[in-house]
Amino acid sequence: MLTPTEKIWHNGRFIPWEDARIHVLSHVVSYGSSVFEGIRCYSTPSGPAIFRLQDHIRRMIDSTRIYRIESLGFSARELSEAMVEVVRVNRLQSCYLRPIVLRGYGEMGVNPMKNPVDVYIACWEWGKYLGDEALAEGVDVCISSWKRLAPNTLPALAKAGANYMNSQLIKMEALTNGYSEGIGLDEAGFVSEGSGENIFVVRDGKITTPPLGASVLPGITRDSVIRLAGELGIPLVEGLVPREMLYIADEVFFTGTAAEITPIRSVDRIKVGSGRRGPIAEKLQKEFFAVINGTKPDPYGWLTPVGAAQPVSVAE
Ligand code: PPE
């Protein structure tokens, strides 16, 4: 169960956790009209630090643009300060941040343009997404019978609430059938991504990840792993991945804010490689965790220290 924190940021003010409520006839409830982000804040020796904050804010603003939300009423800088402040006022060392932009209460009907746009930012402590053992042991996954969003239906580059109805179908089916996670194929039948993770495949020392055109979310962790692989001299391409490549790969792993870098040890009960975390996933994890835990200097500028930002107005 979710453990509440004290405060949630709403349109520029802090409100008590339990007061962050919406009316049942808010546009978002009937029509799924929200965009959101998921961001991790890590505990480092110099205090809490938010991972790739500016990149998450940029993607959130991209999502609002796709859905014709013209203004949030807050600049990227103000949003960034608000996120830092949310962590600070809740006095957390490490947490998960969930900014949500939603079409609120006012008119009913599909047209959202007259409804107010509300911005919330919450945070809470969130442990390991796919179980405590997942990062070291790997997870068992299946190919979903549900495909991902087809191009030009629901835009996959937007992180919109409605997209997660598709993710829920994939996830529920996987769990019902005894797997930890499901992988969606794209409209053409190529590998797309997990219900809440991007995917990477390794064969003969070379990494492939599906391109953005394969109905994937442009993951921030995906981008981080692409960068880390470059730094570590591991060849990586963005390219179409046929389903059966998962069965003959040496390694397969997921990336995501919640899942971080999670090895996959079997797909459809076919063992991936040796059936355990492979050396490339382990190498990437090591580098990734060294940076995010602050045990190694952050050469990428990925961490925003929570201690260093200026406070925004805090109303009780
Ligand atoms: N694809 C999907 C569909 C997705 O939801 C996520 C994040 C990713 C890829 C990875 O993106 P990124 O986090 O930027 O590396 N999924 C978020 C939501 C998880 C949830 O259950 O809620 C997350 O990992 O925070």
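When a ligand or atom number is given, it counts from 1 through the structure's own listing order. Any value given below was found using the heavy atoms of this structure, including those in side chains, with hydrogens, waters and symmetry copies removed.
Regarding atom 13 (O) of ligand 1, its nearest protein heavy-atom neighbour is Thr257 OG1, 2.5 Å. Summary of contacts: the protein heavy atom closest to atom 21 (O) of ligand 1 is Tyr129 OH, 2.4 Å. Counting only heavy atoms of the protein, atom 22 (O) of ligand 1 lies nearest to Arg98 NH2, 3.1 Å. Counting only heavy atoms of the protein, atom 17 (C) of ligand 1 lies nearest to Lys159 NZ, 3.4 Å. Annotation: atom 6 (C) of ligand 1 to nearest protein heavy atom, Gly196 O, 3.2 Å. Remark: minimum distance from atom 15 (O) of ligand 1 to any protein heavy atom is reached at Thr221 OG1, 2.5 Å. Closest to atom 1 (N) of ligand 1, if we only count protein heavy atoms, is Glu193 OE1, 2.7 Å.
At a 3.5 angstrom cut-off on N or O pairs, Trp126 does not count as close to ligand 1. Ligand 1 has no nitrogen or oxygen under 3.5 angstrom from a nitrogen or oxygen of Thr255. At a 3.5 angstrom cut-off on N or O pairs, Ile220 counts as close to ligand 1.
Against a heavy-atom cut-off of under 4.0 Å, Gly219 is close to the following atoms of ligand 1: 11 (O), 12 (P), 14 (O), 15 (O). Those atoms of ligand 1 that come under 4.0 Å of a heavy atom in Tyr96, given as number and element, are 17 (C), 18 (C), 23 (C), 25 (O). Residue Ala258 has at least one heavy-atom neighbour below 4.0 Å for each of these atoms of ligand 1: 23 (C), 24 (O), 25 (O). Listed by number with element, the atoms of ligand 1 under 4.0 angstrom from any heavy atom of Tyr164 are 2 (C), 3 (C), 4 (C), 5 (O).
In Pro218, neither the side chain nor the backbone holds a heavy atom less than 4.0 Å from any atom of ligand 1.
The salt bridge (charged side-chain N to carboxylate O under 4.0 Å, His left out) contacts involving residues 147-160 comprise Arg148-Glu193, where partners must be two or more places apart or lie in separate chains.
Taken to the nearest 0.5 Å, the CG atom of Leu157 stands 8.5 Å off from the CG atom of Asp62.
No close placement of the Tyr120 and Trp9 rings is indicated, their centers lying 6.0 Å or farther apart.
Under the 30°/60° scheme for interplanar angles, the aromatic rings of Tyr105 and His23 are found to be tilted.
Hydrophobic side-chain contacts under 4.5 Å tie Ile292 into a cluster, directly or through other members, with Tyr42, Phe51, Leu135, Phe200, Val202, Ile207, Val225, Ile226, Leu228, Leu232, Ile234, Leu236, Phe253, Ile261, Ile280, Leu284, Phe288, Phe289, Val291, Tyr300, Trp302, Leu303.
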